[in-house]
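In this text the structure is predicted, and so the values were computed from the model without any measurement. Just so you know, these numbers use all the heavy atoms, side chains as well, and skip hydrogens, waters and symmetry mates. The sequence lines fix the lettering, A, B, ..., with proteins before strands; numbering per chain opens at 1.
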Number of protein chains: 2
Amino acid sequence: MRSHYCGDLRASHDGETVELCGWVHRRRDHGGVIFLDVRDRTGLVQVVFDPDTVDAFALADKVRGEYVLKITGRVRLRDEAVRNPRMATGDIEVLGKALTILNEAQTPPFELDEYSAAGEEVRLKYRYLDLRRPEALQRFQFRSRLTHAVRAFLEKEGFMDVETPVLTRATPEGARDYLVPSRTHAGSFFALPQSPQLFKQLLMVAGFDRYYQIAKCFRDEDLRADRQPEFTQIDLEASFVEEEDIMGVAERMARTLFRELLDVELPEFPRMTFAEAMSRYGSDKPDLRVPMELVDIADLMDGVEFKVFAGPAKDPKGRVVALKVPGGADLSRKEIDEYTKFVGIYGAKGLAYVKVNDLAAGAEGLQSPILKFLTEDAIKGILERTGAATGDLIFFGADKAKVVNEAMGALRVKVGHERGLAEGDWKPLWVVDFPMFEEEDGRYYALHHPFTMPKCDPGELKSNPEGALSRAYDMVLNGTELGGGSIRIHRPDMQQTVFEALGIDEQEAREKFGFLLDALKYGAPPHGGLAFGLDRMVMLMTGSDSIREVIAFPKTQTAACLMTNAPSPVDNQQLREVGISVRKADS
Amino acid sequence: MRSHYCGDLRASHDGETVELCGWVHRRRDHGGVIFLDVRDRTGLVQVVFDPDTVDAFALADKVRGEYVLKITGRVRLRDEAVRNPRMATGDIEVLGKALTILNEAQTPPFELDEYSAAGEEVRLKYRYLDLRRPEALQRFQFRSRLTHAVRAFLEKEGFMDVETPVLTRATPEGARDYLVPSRTHAGSFFALPQSPQLFKQLLMVAGFDRYYQIAKCFRDEDLRADRQPEFTQIDLEASFVEEEDIMGVAERMARTLFRELLDVELPEFPRMTFAEAMSRYGSDKPDLRVPMELVDIADLMDGVEFKVFAGPAKDPKGRVVALKVPGGADLSRKEIDEYTKFVGIYGAKGLAYVKVNDLAAGAEGLQSPILKFLTEDAIKGILERTGAATGDLIFFGADKAKVVNEAMGALRVKVGHERGLAEGDWKPLWVVDFPMFEEEDGRYYALHHPFTMPKCDPGELKSNPEGALSRAYDMVLNGTELGGGSIRIHRPDMQQTVFEALGIDEQEAREKFGFLLDALKYGAPPHGGLAFGLDRMVMLMTGSDSIREVIAFPKTQTAACLMTNAPSPVDNQQLREVGISVRKADS
């Protein structure tokens with residue numbers, strides 16, 4: 001229906017007759033002439049209708065914003081004075097000769113140009129209009145190019161694209177499953193996969209050797225800004241490999257994507273142990289753009305009677321840290337109050353600080369509500385260890401280690417960015433040597449998942465589960481976990497031992513994972529893999545604020561689609577067919 | 001962990017030391033030496049352990065079938081006499097120097113070499129073993145190469161890969177939806193998409209211009225051999241296009257895939273109207289490899305009193321056809337009985353026939369139980385019209401047109417292939433000019449779906465819905481519908497008219513498709529698209545017997561996974577969380 005896309009027209013087309021299709025982006029009437037900016041997926045072009053072309057002009061006079069048009073016209077150079085260097089097609093315009101109105105349009109519920117003024121709710125309800133904004137389209141073009149580059153890379157590396165089921169059995173990734181009632185097996189349910197984990201391991205047992213899939217995954221969790229009930233993983237797995245093989249492929253892939261799509265050369269990814277990351281950054285996904293670090297000071301609390309510090313300092317599960325903010329002495333009372341509120345989100349009960357107004361002046365040069373509680377030695381030790389200088393501020397965290405890490409880790413990133421202390425655009429790293437288990441209320445939970453290979457043998461794992469490290473690795477970029485994976489367990493005895501440590505008895509293991517335990521008995525190869533969060537990767541690489549911006553039809557925080565009104569009630573007949581009924585309240 | 005894949009070793013590697021990983025495919029002991037055929041995803045290689053390598057030999061003596069090994073050895077040429085030209089690596093063998101048993105294996109429940117002897121049930125239960133058969137792996141390698149070629153083609157044509165939701169609202173494709181109860185909106189349900197139809201149309205309204213997706217689709221139907229509850233579509237849609245554009249892209253794609261993957265040059269696809277296909281082949285997906293055609297003979301039944309023929313000949317909804325089987329006069333009574341049973345599946349009440357033993361001998365040369373019921377003119381007409389010759393057989397179908405088309409259309413294909421009458425390997429075509437609606441019990445149903453554009457305007461559609469044709473097209477190959485699509489409705493008035501014709505009143509339309517009707521009001525472009533059935537395409541191109549052979553983890557005919565035992569019961573707490581309960585029998 002057209003000869004050219006709007007955004008492709010250039011001065012070199014001068015004099016050509018073209019056929020264009022697109023939407024009226026803007027309409028102006030000026031000096032008896034009608035100017036239309038016509039938009040298609042490539043961009044905008046200005047089309048002019050003058051009264052000489054009687055029929056076309058009459059039609060053009062009828063069009064309004066977002067009408068769909070087909071235009072025949074002649075490309076001509078604009079006068080020097082009215083060229084628009086900010087528009088790719090700004091050197092030319094199209095003199096309209098013929099016009100067809102392909103479809104009319106009501107006035108949209110919000111201006112496509114001023115989307116920030118429109119609330120997210122109305123934008124999600126009319127998502128098909130929201131997606132007309134050029135920056136939205138560009139994000140999805142980027143996403144499409146990215147997945148294509150991922151596939152090209154992995155195919156070249158010998159990975160084979162295999163689809164795994166969506167209607168499957170409950171997977172034990174820790175989150176809640178979405179259930180699907182079965183009609184043919186009344187009273188039974190499928191679960192939507194939280195990841196293709198077990199299937200990809202079974203493909204390794206089948207000898208597929210190198211698998212990948214860009215796979216939809218599902219978790220019925222309470223949603224946060226960067227979570228969606230359905231999300232997409234770049235999932236891969238390989239056989240006869242060790243950590244270095246998988247990390248090597250993944251790192252090459254990340255580097256290739258950044259080079260091809262953003263023209264960015266990522267540095268080599270440094271490696272950091274989980275223990276070091278927690279110690280220095282309070283996080284297993286540290287944002288290395290922020291150079292500030294947590295400094296342990298529990299040992300300096302000898303003789304300090306201030307309970308807020310002394311208590312956690314003596315508690316084996318406690319932690320006491322200092323966080324120096326270079327140049328932070330100019331923080332106002334109000335700003336410090338804001339930060340105190342912020343760490344409160346993570347359970348911190350307060351936020352002590354010391355301002356170093358004049359280092360040379362000793363205690364006189366310091367300003368702090370807690371100064372009086374600390375010993376001279378403690379103060380000296382803190383200043384030395386943090387390397388504080390005049391003009392700096394030191395924050396303190398003292399509590400259970402978990403609270404300190406979460407609160408001070410998050411504060412570090414927030415203060416670092418707000419104070420302009422972040423350095424560099426892209427700071428990737430690998431975090432390795434994770435513990436196998438987390439302990440909570442006397443029970444062990446798998447830090448990754450129960451199929452992760454420990455670094456020790458089954459006997460050592462049994463005798464010291466708490467100390468066991470896993471052969472897992474996370475790729476972290478700018479404080480976001482881009483991907484994670486591990487070498488998997490390939491022997492039934494080791495798998496059984498891990499299940500036992502997790503309190504899964506033989507019967508439960510048999511019932512839930514019988515097929516995996518069987519598979520491991522029939523010649524399972526050593527194997528491992530990794531999964532990237534595609535949505536997060538696109539969000540990061542396009543600089544989007546939310547994962548919803550890079551998903552075509554996202555759900556709200558209550559897991560609803562405002563456009564289609566999903567989920568929705570269904571009639572009783574349908575429920576009857578699949579053998580379920582809706583529970584009355586309180587039943 | 002390895003230096004080479006097993007199947008890649010050739011005479012040119014003679015003398016090299018290699019590290020291999022893989023499975024013991026076969027073990028033979030011969031003259032005090034152990035021969036192992038070691039398998040990985042590339043193929044097999046023979047590894048020899050002789051008693052000189054004491055440690056490795058001792059270990060090799062322990063291995064059994066499907067053990068997982070790492071082997072270090074030296075490649076050497078085999079003696080001329082024992083080279084194996086049927087094996088890619090048959091010119092060489094590897095002299096094993098060191099061996100590691102990476103994992104042991106129990107004896108598999110079935111021999112991987114003799115799979116035909118194992119029932120499908122045990123193969124599905126141990127799918128990870130079933131997939132070890134080299135021909136299974138090859139099918140999935142083919143599938144992976146195919147999807148990659150599809151993506152490469154569509155990206156080059158400017159299509160952009162966009163993911164649409166899996167948790168969505170019930171779609172009206174005519175089949176039963178899979179439901180997913182919502183936890184956050186108790187009593188409400190998501191549906192899994194039967195296709196991304198409405199989402200891709202909304203992407204066109206959004207101006208995405210050219211969309212594609214390799215998308216999982218879900219239909220809760222009673223399963224036949226070529227159906228699965230979840231299946232995969234190559235889905236595409238484009239704006240500002242007409243039939244020729246979409247059919248052109250699709251045909252180029254099919255031709256590209258056959259060229260790149262099978263080295264086959266497909267002919268140009270002929271076009272055939274739905275009416276012609278039904279008339280000549282009794283099917284809207286005719287297998288053109290079979291040259292036999294149905295011949296209408298209702299008009300020859302004047303004066304024939306034989307009710308079986310005369311009744312349908314007079315019934316406006318009836319049809320009477322002849323189907324000539326060249327050389328079919330040698331069909332035995334038993335074979336004809338089998339065919340009679342076969343057409344019975346489609347509702348035919350019998351299968352009349354005439355054997356032409358000697359055309360020149362007139363009625364004397366014919367052999368048939370029904371001869372006596374036919375007039376001389378009728379017999380003469382039938383022989384002339386079918387062009388029957390001595391040695392042929394003519395089958396007859398007479399019933400409601402629907403029954404005749406289904407029964408005789410299927411018989412045509414079955415007899416054609418069984419009698420070796422099929423010609424050529426690949427016979428594609430387009431079927432076009434479908435009716436908009438099918439009538440059943442006084443109601444109209446959409447032959448494709450309610451978003452298909454009619455060839456007429458809303459007024460004409462209202463006055464003659466039965467006669468209306470649609471702008472739909474199906475790609476058919478060898479009797480299988482590979483893909484289908486249409487130009488869609490892009491104006492709200494036309495959409496409303498089609499809903500009305502389908503008996504969907506304004507309130508129901510609003511409730512179910514309000515978002516689509518809204519979208520059409522805000523400037524929807526003319527658009528159309530197509531969807532290919534990927535599984536069927538792979539099945540056809542790999543010559544597989546069943547769609548289950550090209551799906552990694554398929555479901556059985558009762559929609560169950562024998563490997564994971566999905567679906568399965570879930571505990572009451574989980575049901576409570578999503579606000580449903582299992583219905584008791586008869587409730």
*Asks:* In terms of heavy-atom proximity below 4.5 Å to chain B, should Thr147(A) be classed as side chain, backbone, both, or neither?
*Replies:*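 Answer is side chain: those atoms of Thr147(A) sit under 4.5 Å from chain B.
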*Asks:* Can you say whether Thr42(A) sits under 4.5 Å from chain B via the side chain, the backbone, both, or neither, judging by heavy atoms?
*Replies:*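 Contact with chain B: none, neither part.
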*Asks:* Which answer fits Arg176(A), side chain, backbone, both or neither, if we ask what part of it has an atom under 4.5 Å from a heavy atom of chain B?
*Replies:*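 Just its side chain gets close to chain B.
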*Asks:* Need one label for Asp220(A): side chain, backbone, both or neither, based on atoms under 4.5 Å from any heavy atom in chain B.
*Replies:*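 Both parts, backbone and side chain.
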*Asks:* Looking at His148(A), is its backbone amide N or carbonyl O close enough to the side chain of Arg151(A) to form a donor-acceptor pair, meaning the two atoms are under 3.5 Å apart?
*Replies:*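 Such a contact is absent between Arg151(A) side chain and His148(A) backbone.
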*Asks:* Tell me whether Arg132(B) contacts the main-chain N or O of Val205(A) through its side chain, where contact means a donor paired with an acceptor under 3.5 Å.
*Replies:*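 Such a contact is found between Arg132(B) side chain and Val205(A) backbone.
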*Asks:* Please classify the contact of Leu534(A) with chain B as side chain, backbone, both or neither, using a heavy-atom distance under 4.5 Å.
*Replies:*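 Side chain only.
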*Asks:* Is it the side chain or the backbone of Cys21(A) that comes within 4.5 Å of chain B heavy atoms, both, or neither?
*Replies:*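 Both parts, heavy atoms under 4.5 Å.
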*Asks:* Looking at Ala206(B), Ala559(B), Pro108(B), which has the largest count of heavy-atom pairs under 4.5 Å with chain A?
*Replies:*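 Going by pairs under 4.5 Å, I would pick Ala206(B).
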*Asks:* Can you tell me if Trp23(A) uses its side chain to pair, donor with acceptor, with the backbone of Asp40(A) under 3.5 Å?
*Replies:*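 Checked: no pair found.
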*Asks:* Do the side chain of Arg169(A) and the main chain of Thr564(B) share a donor and acceptor less than 3.5 angstrom apart?
*Replies:*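 Confirmed, Arg169(A) side chain pairs with Thr564(B) backbone.
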*Asks:* Are Phe110(A) and Lys125(A) close enough, and set up right, to give a side-chain contact (heavy atoms from CB on, under 4.5 Å), and what steps lead you there?
*Replies:* CA-CA 11 Å; Phe110(A) 54 91; Lys125(A) 181 168 162 58; over 6 Å; no
*Asks:* Is Asn572(B) close to chain A through its backbone or its side chain, or both, or neither, when contacts mean heavy atoms under 4.5 Å?
*Replies:*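 Both backbone and side chain.
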*Asks:* Side chain from CB out, backbone as N, CA, C, O: work out which of these in Arg143(B) comes under 4.5 Å of a heavy atom of chain A, or both, or neither.
*Replies:*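 Just the side chain, heavy atoms under 4.5 Å.
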*Asks:* Could Arg39(B) and Glu66(B) be called an ion pair, given the rule that one side-chain N must be under 4.0 Å from one carboxylate O?
*Replies:*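 Here Arg39(B) pairs with Glu66(B) in a salt bridge, since their nearest N and O are under 4.0 Å apart.
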*Asks:* Ignoring hydrogens and angles, state whether a donor on the side chain of Tyr128(A) or Asp518(B) is under 3.5 Å from an acceptor on the partner side chain.
*Replies:*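 The answer is no; no qualifying pair exists.
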*Asks:* Chain B heavy atoms under 4.5 Å from Glu244(A): which part of the residue, side chain, backbone, both or neither?
*Replies:*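 Looking at Glu244(A), nothing touches chain B.
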*Asks:* Test Phe240(B) against Asp245(B) for side-chain contact (heavy atoms from CB on, under 4.5 Å), laying out the working first.
*Replies:* CA-CA 9 Å; Phe240(B) 304 113; Asp245(B) 299 298; over 6 Å; no
*Asks:* Check each atom of Lys521(A) against the heavy atoms of chain B and say whether the ones under 4.5 Å are side chain, backbone, both or neither.
*Replies:*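 Its backbone and side chain both get close to chain B.
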*Asks:* Check whether Tyr67(A) gets within reach of chain B through its side chain, its backbone, both or neither, counting any heavy atom under 4.5 Å.
*Replies:*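 For Tyr67(A), no heavy atom lies under 4.5 Å from chain B.
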*Asks:* Quick check on the interface: out of Leu516(B), Leu575(B), Asn565(B), who has the most heavy-atom pairs with chain A under 4.5 Å?
*Replies:*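 The option with the most such pairs is Leu575(B).
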*Asks:* Tell me, side chain or backbone of Val162(B) under 4.5 Å from chain A's heavy atoms, or both, or neither?
*Replies:*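 Only the side chain of Val162(B) comes within 4.5 Å of chain A.
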*Asks:* Under a 4.5 Å cutoff for heavy-atom pairs, which residue among Thr232(A), Val578(A), Val24(A) has the most contacts with chain B?
*Replies:*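 Result: the option with the highest number of such pairs is Thr232(A).
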*Asks:* Is it the case that the side chains of Thr184(B) and Thr558(A) hold a donor-acceptor pair, with the cut-off being a distance below 3.5 Å and no angle test?
*Replies:*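 No donor-acceptor contact under 3.5 Å links the two side chains.
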*Asks:* Name the region of Leu129(A), side chain, backbone, both or neither, that has any atom closer than 4.5 Å to a heavy atom of chain B.
*Replies:*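 For Leu129(A), the side chain is the part near chain B, not the backbone.
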*Asks:* Is it the backbone or the side chain of Lys70(A) that comes under 4.5 Å from a heavy atom of chain B, or both, or neither?
*Replies:*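 Neither the backbone nor the side chain of Lys70(A) comes within 4.5 Å of chain B.
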*Asks:* Would you find a donor on one side and an acceptor on the other, under 3.5 Å apart, between the side chain of Asp177(A) and the backbone of Pro193(A)?
*Replies:*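 Flag not set: sc Asp177(A) to bb Pro193(A) has no pair under 3.5 Å.
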*Asks:* Can you tell which of Lys555(A), Gln141(A), Glu242(A), Gln574(A) has the highest number of heavy-atom pairs within less than 4.5 Å of chain B?
*Replies:*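 Option with the top pair count is Lys555(A).
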*Asks:* Under 6.0 Å from the six-membered ring centre of Phe553(B) and within 45° of its axis: does the NZ or CZ of Arg127(B) meet both?
*Replies:*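 Because its charged atom misses either the 6.0 Å distance or the 45° angle limit, Arg127(B) does not stack over Phe553(B).
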*Asks:* For the interface with chain B, which of Ile214(A), Val180(A), Leu167(A) has the highest count of heavy-atom pairs at distances below 4.5 Å?
*Replies:*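 Most pairs with chain B among the choices: Leu167(A).
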*Asks:* Output the option from Gly514(A), Gly579(A), Pro229(A), Pro109(A) having the highest count of non-hydrogen pairs under 4.5 Å with chain B.
*Replies:*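 Greatest number of close heavy-atom pairs with chain B: Gly579(A).
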*Asks:* So which of Ser182(B), Ala552(B), Pro569(B), Pro165(B) has the largest heavy-atom pair count under 4.5 angstrom toward chain A?
*Replies:*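 With the most close heavy-atom pairs to chain A, the winner is Pro165(B).
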*Asks:* Is it the side chain or the backbone of Glu221(B) that comes within 4.5 Å of chain A heavy atoms, both, or neither?
*Replies:*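 It is the backbone, since no side chain atom gets that close.
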*Asks:* Regarding Asp161(B) and Tyr211(B), is there a side-chain donor-to-acceptor distance under 3.5 Å anywhere?
*Replies:*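 Their side chains do not contain a donor-acceptor pair, so the 3.5 Å distance test is not met.
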*Asks:* Can you say whether Pro526(A) sits under 4.5 Å from chain B via the side chain, the backbone, both, or neither, judging by heavy atoms?
*Replies:*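 The side chain, not the backbone.
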*Asks:* Between Leu520(A) and chain B, with a heavy-atom cut-off of 4.5 Å, which part of the residue counts as in contact: side chain, backbone, both or neither?
*Replies:*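 The answer is the backbone of Leu520(A).
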*Asks:* In sequence, state the C-alpha distance, the side-chain angles, and the governing distance for Lys200(B) and Gln213(B), and then conclude on side-chain contact (heavy atoms from CB on, under 4.5 Å).
*Replies:* CA-CA 9 Å; Lys200(B) 68 176 177 174; Gln213(B) 187 183 194; over 6 Å; no
*Asks:* Show your working on side-chain contact (heavy atoms from CB on, under 4.5 Å) between Thr100(B) and Leu69(B) and close with a plain yes or no.
*Replies:* CA-CA 6 Å; Thr100(B) 311; Leu69(B) 308 182; over 6 Å; no
*Asks:* If you count heavy-atom pairs under 4.5 Å with chain B, which of Ala560(A), Pro525(A), Cys561(A) comes out on top?
*Replies:*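 Most heavy-atom pairs within the cutoff with chain B belong to Pro525(A).
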*Asks:* Given that the side chain runs from C-beta out, which part of Arg2(A) has a heavy atom under 4.5 Å from chain B: side chain, backbone, both or neither?
*Replies:*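 Interface part for Arg2(A): side chain.
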*Asks:* Go through the atoms of Glu104(B) and report whether side chain, backbone, both or neither lie under 4.5 Å from a heavy atom of chain A.
*Replies:*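 For Glu104(B), the contact with chain A is made by the backbone alone.
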*Asks:* Does Glu577(A) pair with Arg183(A) as a salt bridge, N-O distance under 4.0 Å?
*Replies:*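 Salt bridge absent between Glu577(A) and Arg183(A).
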*Asks:* Between Pro492(B), Pro567(B), Ala186(B), who has the most heavy-atom pairs with chain A when the cutoff is under 4.5 Å?
*Replies:*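 The answer is Pro567(B).
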*Asks:* Is it true that Tyr212(B) and Glu155(B) share a donor-acceptor pair across their side chains at a distance under 3.5 Å?
*Replies:*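 Side chains of Glu155(B) and Tyr212(B): pair found under 3.5 Å.
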